[in-house]
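Here the structure comes first, spelled out in structure tokens, and everything after it is commentary.
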Number of protein chains: 2
Amino acid sequence: MIKVAVVDDKAINRQSVRERISMASGMQLHFLADNGSSFLEKMKTCAASGDFPDVVLMDIDMPVMNGIAAVNIAKELYPKVDFLMLTVFDDDEKIFEAIKSGASGYLLKEESMEKLAEAILQVKEFGAVAMSPIVARKAMMMLSRNEQPQNPDLAKNARDEYNLTDREIDILKGMVEGLDYRQIGERLFVSPHTVRTHIGNIYKKLHVCSKVDAVKIAIKRQWF
Amino acid sequence: MIKVAVVDDKAINRQSVRERISMASGMQLHFLADNGSSFLEKMKTCAASGDFPDVVLMDIDMPVMNGIAAVNIAKELYPKVDFLMLTVFDDDEKIFEAIKSGASGYLLKEESMEKLAEAILQVKEFGAVAMSPIVARKAMMMLSRNEQPQNPDLAKNARDEYNLTDREIDILKGMVEGLDYRQIGERLFVSPHTVRTHIGNIYKKLHVCSKVDAVKIAIKRQWF
DNA sequence: TTTAAAATACGCCATTTGTCGTATTGTAGG
DNA sequence: CCTACAATACGACAAATGGCGTATTTTAAA
């Protein structure tokens with residue numbers, strides 16, 4: 001029987017994951033926590049009885065202490081416990097951070113119960129790593145990028161990774177150059193309104209909500 | 001209906017994979033080849049009719065031309081075709097080579113039919129990447145091992161080049177992380193007014209007049 | 001000790017940005 | 001032919017930003 005702990009700040013998510021675990025055979029819920037800090041507290045309690053969870057499902061974005069920081073600390077203190085990061089977005093930076101902090105897997109929350117249970121079993125039984133396919137793709141891209149710092153077709157990556165359209169890439173380029181809506185519009189011979197619409201769409205695709213964050217992604221990927 | 005091609009030098013393996021594909025719904029066998037070179041030949045034939053396979057299951061160790069070399073060439077010629085490497089061993093070097101050559105996945109041959117079918121579907125439907133858990137583990141280890149070259153004193157560069165003060169560097173750091181005035185103020189325990197003053201000074205020193213431009217400089221110089 | 005720099009804090013105001021909507025047109029694919 | 005998507009365009013409103021002041025306190029250097 002695999003003992004599973006769940007850490008998430010949203011009660012709904014905790015409930016959801018809890019249900020999925022109770023339905024799966026071979027595993028039982030050990031405890032719940034609502035952020036990294038309270039998780040570490042509960043682990044201390046466990047230390048008293050020596051009754052630790054085997055696997056921890058850890059959300060990333062949480063108040064007080066986020067999941068990555070928590071794993072970083074917890075992996076030091078309890079190296080035998082495995083951590084699976086559960087998150088909504090496939091944020092490259094966070095995947096990387098999570099892996100470095102010692103997480104054994106990185107799954108998207110949308111993953112089905114079967115997948116979740118399978119991942120937990122695999123991690124415990126075979127010491128394998130669990131990754132959602134989308135995450136695996138990012139990981140592979142990161143790997144291949146690191147070895148080939150120069151990418152021949154830059155704009156192509158933007159399209160491939162985030163499904164940006166040609167026009168959206170034009171707009172993003174303008175943003176990276178520090179232009180405002182009006183200036184981008186002038187350059188592309190469209191109204192600033194159109195530019196704003198495109199930018200809104202870009203934000204959705206990149207999972208960001210500000211110019212700075214969008215430009216950061218573009219620059220870090222060396223798109224332009 | 002997903003068209004699948006199979007490339008393997010062992011007749012037994014071809015037969016095995018062929019059977020597994022014919023049993024899966026939603027996909028059909030397109031052609032077989034026994035090494036990378038003959039695969040490329042058959043692809044040329046396909047070009048005549050425009051009837052390419054959607055996904056190619058490619059063995060790695062093959063005589064005449066190995067799978068990685070074949071993928072390398074084929075990905076250039078037929079970028080829309082996806083390649084899944086199928087192999088017996090989880091050889092680190094080869095995983096790496098395969099990823100670089102443009103493979104969309106790396107599966108162990110022992111993988112069950114369901115897994116295989118699932119991987120093919122995922123690759124075609126979502127553009128995701130398929131990896132056997134063991135392979136994923138290797139990939140993650142490669143990722144976490146490769147520590148990016150850290151600059152010993154990052155902030156020092158900022159001070160030297162632009163005479164930014166310690167506090168200004170703190171503020172800029174917040175800006176790079178996408179925080180707004182209020183959030184930066186909270187983090188540093190000062191009022192948002194103070195933050196604005198500092199930002200104004202930063203702009204003067206960096207010779208910019210917007211957040212995006214300031215963040216761009218910070219990122220390009222790899223200050224944080 | 002005087003001086004300069006750094007860090008702190010506030011107000012005002014125009015501009016920019018982010019987020020809602022809605023809506024029309026063209027075009028490629030089923 | 002119909003549908004989905006891309007690209008275009010507009011309006012309204014709240015929030016954030018940039019630029020202009022001024023001003024006090026602390027610290028370090030001359």
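Within every chain, numbering begins at 1; the chains are lettered A, B, ... in the order of the sequence lines, protein sequences first and strands thereafter.
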Whole Å only: how far is the [atom1] atom of [X] from the [atom2] atom of [N]?
X: A:E168; N: D:dT8; atom1: CD; atom2: P; answer: 10 Å
X: B:D213; N: C:dT16; atom1: CG; atom2: P; answer: 14 Å
X: A:I184; N: D:dT8; atom1: CD1; atom2: P; answer: 13 Å
X: A:F189; N: D:dA9; atom1: CZ; atom2: P; answer: 12 Å
X: A:H193; N: D:dA9; atom1: NE2; atom2: C1'; answer: 7 Å
X: B:L164; N: C:dA6; atom1: CG; atom2: P; answer: 10 Å
X: A:N201; N: D:dA4; atom1: CG; atom2: C1'; answer: 14 Å
X: A:D166; N: C:dA28; atom1: CG; atom2: P; answer: 13 Å

Evaluate the ring planes of B:F39 and B:F31, with Trp represented by its six-membered ring, and classify them as parallel (under 30°), tilted (30 to 60°) or perpendicular (over 60°).
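B:F39 and B:F31: tilted rings.
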Nearest heavy-atom neighbours spanning A:I171 and A:I184
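Where A:I171 meets A:I184 most closely, the heavy atoms are O-CD1, 3.9 Å.
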Taking only N and O in the side chain of [X], is any of them less than 4.0 Å away from OP1 or OP2 of [N]?
X: A:S191; N: D:dC10; result: yes
X: B:H198; N: C:dT8; result: yes
X: B:T165; N: C:dA7; result: yes

Would you confirm whether A:R182, through its side chain, and A:P192, through its main-chain N or O, come within 3.5 Å as a donor-acceptor pair?
no
Would you find a donor on one side and an acceptor on the other, under 3.5 Å apart, between the side chain of A:Y203 and the backbone of A:K211?
yes
Just by protein heavy atoms under 4.0 Å, how would nucleotides 15-23 of chain D read 5' to 3' in B, S and -?
-SBBB----
Worked verdict on B:D170 versus B:K173 for salt bridge (Lys or Arg N to Asp or Glu O under 4.0 Å):
CA-CA 5 Å; B:D170 292 337; B:K173 202 168 177 177; over 6 Å; no
B:H30 and B:D51: side-chain donor and acceptor closer than 3.5 Å?
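Yes - a donor-acceptor pair under 3.5 Å links their side chains.
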Would you call A:E177 and A:R187 a salt bridge, taking side-chain N to carboxylate O under 4.0 Å as the test?
yes
Among C:dA9, D:dG11, D:dT8, which nucleotide sits nearest the side chain of A:T194?
D:dT8
